[in-house]
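All values below were derived from every heavy atom in this structure, side-chain atoms included, with hydrogens, water molecules and symmetry-related copies excluded. All ligand and atom numbering here is 1-based and tracks the order in the structure. Since we're looking at a predicted model, the values are computed, not measured.
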Amino acid sequence: MSDNFDNFNIKDDILRGIYSYGFEKPSSIQNKSIPKILEGKDIIAQAQSGTGKTGAFTIGTLCKIDPNLDETQILIIVPTHELAYQVYTVFKEISNYTNISLMKVLGGTNISMCIEELKKNPKIVIGTPGRILDMINRNSLITSELKTLVLDEADEMLSYGFKDNIYHIIQRMPKEAQICLFSATLPDDILELTDKFMNEPEKILIKNEELTLEGIQQFYICVQKSEWKYDIITDLYDIINVNQCIIYINSKNRISEIYDKLLNDNFPVSYINSDRTSEDRKIIMEDFRSGKIRILLSTDLLSRGIDIQQLSLVINYDLPKEKETYIHRIGRSGRYGRKGIAINLLRNDEIEYLKHIESYYDTKINEMPADISEYLN
Ligand code: ADP
Ligand code: MG
């Protein structure tokens, strides 16, 4: 164990990047996983939301790059464009004092430009599974010298929508390449799958009961009719006057309905879902990060990975369908030990489901008190 990045045997130029990015000491997951990545072991690494998993695989894999080998050596796969941009930025910052080349490979972007850029053999590729597999199949993305594959949000990457693409990508990797899985949630059925393609992985796991963060206070508000939720949202905003919040809504139609109403009531609001163009999504995220947009309505597209430090409030307008999603959604606030609040709006008949989530994670979700604003300080 080390409580200092200097003890990891990290090259000076990367160490300099780590410190100038503002990291002083490694977090617990960084301490546990970076040495394993350096050893070349397969790992399955679980840690609570906001505890620095990105830093762990960014630092670990940057250290593995052979600067004299002009081939793609590291492949990082994430579920959404938004997360790919964010992870790319972290790599860019931490590798700032090196010459290590990076590239994003994302669906919905120009294919011939993607092929052109891959000809330069970027040492690290960060992207989404569909386009990455496409580039591998076209022999544009060369996998023969890959040292490490990282699946961020691994349980999502190995679930229904992405699994086949991931398996195909793994089949194209060298046998001795290392596979690293990272996520806050790793349900048993997904862990079982890993036997198929991992080689005696080192497992860093945490119990369900330890998954929620103490810094995030969770509340619920019960309504008799779903239609009343809108008024609660507007009331809440007046009371808490928070910096920024995400409101999760399960359906795209309901998002547009609520968006129109909030806009009409002059709220600094925008929305994001998979129907928006890649370009729109990029602009909205930039505006949300800069604070120009204060309230963002979203489907589960943004339930995972997004890291915005000043985001202190998450509202579940609808409860998520999966209990893992609940952990990811509320984990958008309370980043790296900060405080956060999660408020769940429910109909009376959903209280049982919420109680189930509460006991599964051994956490506390209380009925919302009147003096909520005090919790934000
Ligand atoms: P996770 O993927 O575990 O949810 P992230 O990797 O997105 O978490 O990190 C959450 C936040 O913590 C980010 O804002 C990141 O910059 C910050 N962070 C990560 N590691 C450190 C560190 N060692 N020191 C200080 N801040 C850190
Ligand atoms: Mg993450």
Applying a heavy-atom cut-off of 4.0 Å, say which part of [X] lies close to ligand 1: side chain, backbone, both or neither.
X	value
K25	backbone
K53	both
T54	both

Any idea which atoms of ligand 1 are less than 4.0 Å away from a heavy-atom of [X]?
X	result
R335	1 (P), 4 (O), 5 (P), 7 (O), 8 (O), 10 (C)
Q309	14 (O)
S49	4 (O)

Quick check: closest heavy atoms across [X] and [Y], and the distance to 0.1 Å?
X	Y	answer
F23	Q30	CE2-NE2, 4.1 Å
I293	S270	CD1-CB, 3.5 Å
I126	Y88	CD1-CA, 3.7 Å

task: Ignoring hydrogens and angles, state whether a donor on the side chain of N208 or Y360 is under 3.5 Å from an acceptor on the partner side chain.
output: yes
Considering only the protein, which heavy-atom contact is closest to [atom], and what is its distance?
atom	value
atom 24 (N) of ligand 1	Y336 OH, 3.3 Å
atom 19 (C) of ligand 1	F23 CZ, 3.4 Å
atom 10 (C) of ligand 1	D307 OD1, 3.4 Å
atom 4 (O) of ligand 1	G50 N, 2.6 Å
atom 20 (N) of ligand 1	Q30 NE2, 2.9 Å

query: Does any non-hydrogen side-chain atom of M285 lie less than 4.5 Å from one of I272?
result: yes
When only distance counts, is [X] in polar contact with ligand 1, meaning an N/O pair under 3.5 Å?
X	answer
E24	no
Q86	no
G22	no
G52	yes

- request: Please assess Y248 against Y317 for the test ring-ring contact (aromatic ring centres under 6.0 Å, His included), listing each intermediate value before the final yes or no.
  value: CA-CA 6 Å; Y248 288 106; Y317 196 92; over 10 Å; no
- prompt: Knowing that exactly one of K64, K147, E39 qualifies, which makes a side chain to side chain donor-acceptor pair (under 3.5 Å) with Q178?
  reply: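 It is K64, the one option of K64, K147, E39 that forms the side chain to side chain donor-acceptor pair (under 3.5 Å) with Q178.
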message: Would you compute the distance between atom CD1 of I258 and atom CG of L263 and round it to the nearest 0.5 angstrom?
response: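 If we round to the nearest 0.5 Å, I258:CD1 and L263:CG are 13.0 Å apart.
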query: Which salt bridge (Lys or Arg N to Asp or Glu O under 4.0 Å) pairs, counting each pair once, include a residue from residues 8-18, with sequence neighbours left out?
result: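 Every candidate salt bridge (Lys or Arg N to Asp or Glu O under 4.0 Å) pair involving residues 8-18 fails, so no pair, neighbours aside, qualifies.
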- request: Only pairs at least two apart or in different chains count here, so list each salt bridge (Lys or Arg N to Asp or Glu O under 4.0 Å) that has a residue in residues 17-28.
  value: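 Every candidate salt bridge (Lys or Arg N to Asp or Glu O under 4.0 Å) pair involving residues 17-28 fails, so no pair, neighbours aside, qualifies.
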